[in-house]
Amino acid sequence: MKEIIRFLSSVLYYVEERRYPLAVAFKRSLNLNRPRGVDSNLLFEYARQLLLSYYSLPQARRTVRIKYWLENKGNLNVSFPQWMEKKLGSLLDVNALKSSLKEKTVWIRVNLLKADIDKIIRELERYNVEFEIDKDLYYMIKVKEPQIRLSSLDIVKECRIIPQDKASSLVVEALRPQIKERLVELSSAPGIKASLYMMLTENKNEVFLADIDFNRISKEMILLKRCGVDMNKVHIVHQDSVRNSLIKADKVLLDAPCSSSGMINNDPSILITLNSCEKVDKFSKLQKTLLREAVNMKASDVVYSVCSLFPEEGEEIIDEYYEIAERPFDNYNYGYPNFRSSFKSNRVFPHIDFTEGFFISRLKLTRL
Ligand SMILES: C[S@@+](CC[C@H](N)C(=O)[O-])C[C@H]1O[C@@H](n2cnc3c(N)ncnc32)[C@H](O)[C@@H]1O
């Protein structure tokens with residue numbers, strides 16, 4: 001028990017003091033304070049649940065809070081900071097959202113560049129993984145409450161399946177990928193959507209992948225190679241897309257930097273590190289500028305997406321272009337009501353779609 005308390009204290013320290021995302025805080029803590037004989041899958045779930053009930057804990061030293069959590073974990077509710085609760089309360093069913101966060105749904109994508117679906121299904125059955133093939137996207141598989149660490153499986157290590165949320169795949173589907181078109185992605189790292197785009201276009205298209213962060217670009221190149229993407233078709237551009245140097249494309253993807261509030265189920269550290277509306281407004285300004293750059297390109301379509309639950313990063317951004325915006329999917333929710341672009345966008349949610357929370361809209365530049 002002492003070792004678990006030390007481990008969770010370390011996770012909490014990295015989140016509270018260093019503002020690290022859960023995955024990084026977890027990895028560092030595992031390296032420093034790994035409790036003996038406890039499965040790391042269970043430890044991750046402990047850390048995730050601890051952060052989800054962070055605001056239900058007493059105000060006390062870290063170790064006291066963790067002891068309290070361990071004694072009461074079965075009865076503690078998911079809790080949001082007040083400002084977030086208030087803000088989301090007028091937009092969605094916060095209680096439904098909170099209860100959905102307790103359960104963990106993991107999505108995996110069959111990487112058709114390296115594997116075929118039937119073989120993967122047989123392998124998952126062999127590992128006794130309970131799963132469901134998605135009804136909309138034939139290559140997506142939903143794993144509910146996974147009992148084993150998927151990352152430990154050979155099929156993941158070999159990139160024959162890739163952990164990727166269904167909402168992230170919907171963003172790529174919104175581009176309606178066609179063979180022989182050129183795609184520009186203005187903020188592309190670590191390349192998970194680009195790798196799906198290359199899969200759907202059978203490695204035949206040229207893609208121009210931009211990002212401001214050199215380290216993330218390096219990881220992107222490694223990921224794309226491991227996924228079996230034809231690197232001869234990939235052009236990496238290290239740029240601040242606020243001053244975009246790319247002029248022409250058929251389609252543009254702007255999967256913009258955002259508050260990540262739609263990813264609370266996978267990374268509840270956001271509840272602690274995203275501590276004010278000010279940060280959301282800052283992202284909103286950057287998103288507006290990046291979208292202006294995207295719209296100024298010679299292209300037919302721009303897909304705009306964010307993994308955010310806040311309208312400042314979604315509907316309010318698209319409102320400026322509502323005349324040329326269109327709703328990518330008929331079978332998913334509209335954007336939040338009372339915005340000009342409400343009916344010209346989609347929102348998917350953890351409590352409705354079992355996905356991360358995403359906003360997606362498509363602009364038809366040919367209508368300008
Ligand atoms: C949501 S992530 C993109 C995820 C990526 N589309 C994928 O699916 O793997 C946002 C990215 O925007 C990048 N970014 C932030 N500000 C930027 C800017 N001014 N210009 C270009 N990229 C930027 C970040 O480095 C980050 O990699």
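Order of listing sets the numbers, starting from 1, for every ligand and every atom in it.
Side-chain contact annotation: Thr63 with Ser9, donor-acceptor N/O pair under 3.5 Å absent. For Asp267 and Ser269, the side-chain atoms include at least one donor-acceptor pair closer than 3.5 Å. Judged by distance alone, the side chains of Thr201 and Gln178 never bring a donor and an acceptor atom under 3.5 Å apart. For the residue pair Gln239/Asn244, the side-chain donor-acceptor check at 3.5 Å is satisfied.
By the 4.0 Å N-to-carboxylate-O rule, Lys114 lies too far from Glu158 to be salt-bridged with it.
Environment of CZ in Arg61: sparse, with no more than 12 heavy atoms of neighbouring residues, nucleotides or ligands closer than 6.0 Å.
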Which pairs of N or O atoms, one from ligand 1 and one from the protein, are separated by less than 3.5 Å, and what is the distance for each pair?
from: ligand 1; atom 1: 6 (N); to: Glu185; atom 2: OE2; distance (Å): 2.8
from: ligand 1; atom 1: 6 (N); to: Ser187; atom 2: O; distance (Å): 3.4
from: ligand 1; atom 1: 6 (N); to: Asp255; atom 2: OD2; distance (Å): 2.8
from: ligand 1; atom 1: 8 (O); to: Lys193; atom 2: N; distance (Å): 3.2
from: ligand 1; atom 1: 8 (O); to: Lys193; atom 2: NZ; distance (Å): 3.0
from: ligand 1; atom 1: 9 (O); to: Pro190; atom 2: N; distance (Å): 3.3
from: ligand 1; atom 1: 9 (O); to: Gly191; atom 2: N; distance (Å): 3.0
from: ligand 1; atom 1: 9 (O); to: Ile192; atom 2: N; distance (Å): 2.9
from: ligand 1; atom 1: 19 (N); to: Asp240; atom 2: OD1; distance (Å): 2.8
from: ligand 1; atom 1: 20 (N); to: Ser241; atom 2: N; distance (Å): 2.9
from: ligand 1; atom 1: 22 (N); to: Ile212; atom 2: N; distance (Å): 3.3
from: ligand 1; atom 1: 25 (O); to: Asp211; atom 2: OD1; distance (Å): 2.7
from: ligand 1; atom 1: 27 (O); to: Ala189; atom 2: O; distance (Å): 3.0
from: ligand 1; atom 1: 27 (O); to: Asp211; atom 2: OD1; distance (Å): 3.4
from: ligand 1; atom 1: 27 (O); to: Asp211; atom 2: OD2; distance (Å): 2.8
from: ligand 1; atom 1: 27 (O); to: Arg216; atom 2: NE; distance (Å): 2.7
from: ligand 1; atom 1: 27 (O); to: Arg216; atom 2: NH2; distance (Å): 3.2

